[in-house]
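Presented below is the structure to which this report refers.
Excluded from the calculations below are hydrogen atoms, water molecules and symmetry mates; all remaining heavy atoms, backbone and side chain alike, are included.
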Amino acid sequence: IIVAHVRRQYHRRFDFGQGSPLGWGEWILLVLHFCFNSYPIQAVATIMTTVLAIMLGGFLGYHLRLAAINITTNEMFKFERIECYERAELEKR
């Protein structure tokens, strides 16, 4: 449905030499325009899901890194405090 709608909009706009062919950015905007006008709830849910997936991906990456170096989250935060304390002590000398 989306592809058919985008093609109709494209041909309606550019068939008679009224403009140049669409670039990638314009295609994306045309598809987003169609999605938000035709299916607003699903479009918002998709964007929210994408943002959540990116955030959870970062969280997963951080914890996979911790697992790879074999420490817990608690140990990591304590280690960062110890590093800050040691830097402060070194600067005093």
Side-chain angles (χ1 to χ4, degrees):
I1 293 176
I2 292 174
V3 174
H5 176 75
V6 169
R7 284 185 182 155
R8 270 197 310 274
Q9 291 294 335
Y10 175 78
H11 290 300
R12 200 178 295 154
R13 187 171 168 194
F14 296 107
D15 263 354
F16 301 104
Q18 297 173 354
S20 61
L22 294 176
W24 281 104
E26 292 168 325
W27 272 106
I28 291 170
L29 289 176
L30 194 59
V31 169
L32 286 174
H33 177 72
F34 169 75
C35 289
F36 275 103
N37 283 333
S38 300
Y39 308 103
I41 294 172
Q42 291 88 339
V44 170
T46 301
I47 290 174
M48 290 174 57
T49 303
T50 303
V51 169
L52 182 62
I54 291 169
M55 290 172 28
L56 282 175
F59 185 72
L60 176 66
Y62 174 71
H63 280 85
L64 288 175
R65 179 178 156 258
L66 289 179
I69 58 177
N70 199 24
I71 63 173
T72 65
T73 308
N74 191 25
E75 291 169 340
M76 183 68 166
F77 285 114
K78 286 183 180 179
F79 183 68
E80 288 174 359
R81 279 191 193 166
I82 292 170
E83 281 182 334
C84 290
Y85 175 75
E86 287 175 349
R87 276 191 218 128
E89 288 297 317
L90 287 174
E91 289 175 1
K92 287 182 184 177
R93 293 181 186 177

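- Under a cut-off of 6.0 angstrom, the local environment of OH in Tyr62 is crowded, with over 12 non-hydrogen atoms contributed by other residues, nucleotides or ligands.
- Grouping the Ile, Leu, Val, Met, Phe, Trp and Tyr side chains by contacts below 4.5 angstrom, directly or via other members, places Met48 apart from Leu56.
- Counted within 6.0 Å of CG on Asn70, heavy atoms from surrounding residues, nucleotides or ligands total 12 or fewer; the atom is thus considered open.
- Thr49 and Ala45 get closest at one heavy-atom pair: OG1-O, 2.7 Å.
- Scanning all heavy atoms of the two residues, the minimum distance from Ala43 to Cys35 falls at CB-O, 4.1 Å.
- Between the CD1 atom in Ile71 and the NZ atom in Lys78 there is a gap of 12.0 Å [rounded to 0.5 Å].
- No chain of hydrophobic side-chain contacts below 4.5 Å, direct or via other Ile, Leu, Val, Met, Phe, Trp or Tyr residues, connects Val31 to Val44.
- In this structure, OG1 on Thr72 lies 9.0 Å from NE2 on His63, to the nearest 0.5 angstrom.
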Q: Please test Leu29 against His33 for side chain to side chain contact (heavy atoms under 4.5 Å, CB included), starting from the C-alpha separation and ending with a verdict.
A: CA-CA 6 Å; Leu29 289 176; His33 177 72; over 6 Å; no
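- Surrounding CD1 of Ile41 are at most 12 heavy atoms belonging to other residues, nucleotides or ligands under 6.0 Å away.
- Here the shortest heavy-atom pairing between Thr73 and Leu66 reads OG1-CD1, 3.7 Å.
- The distance from the CD1 atom of Ile47 to the CG atom of Leu32 is 6.5 Å, given to the nearest 0.5 Å.
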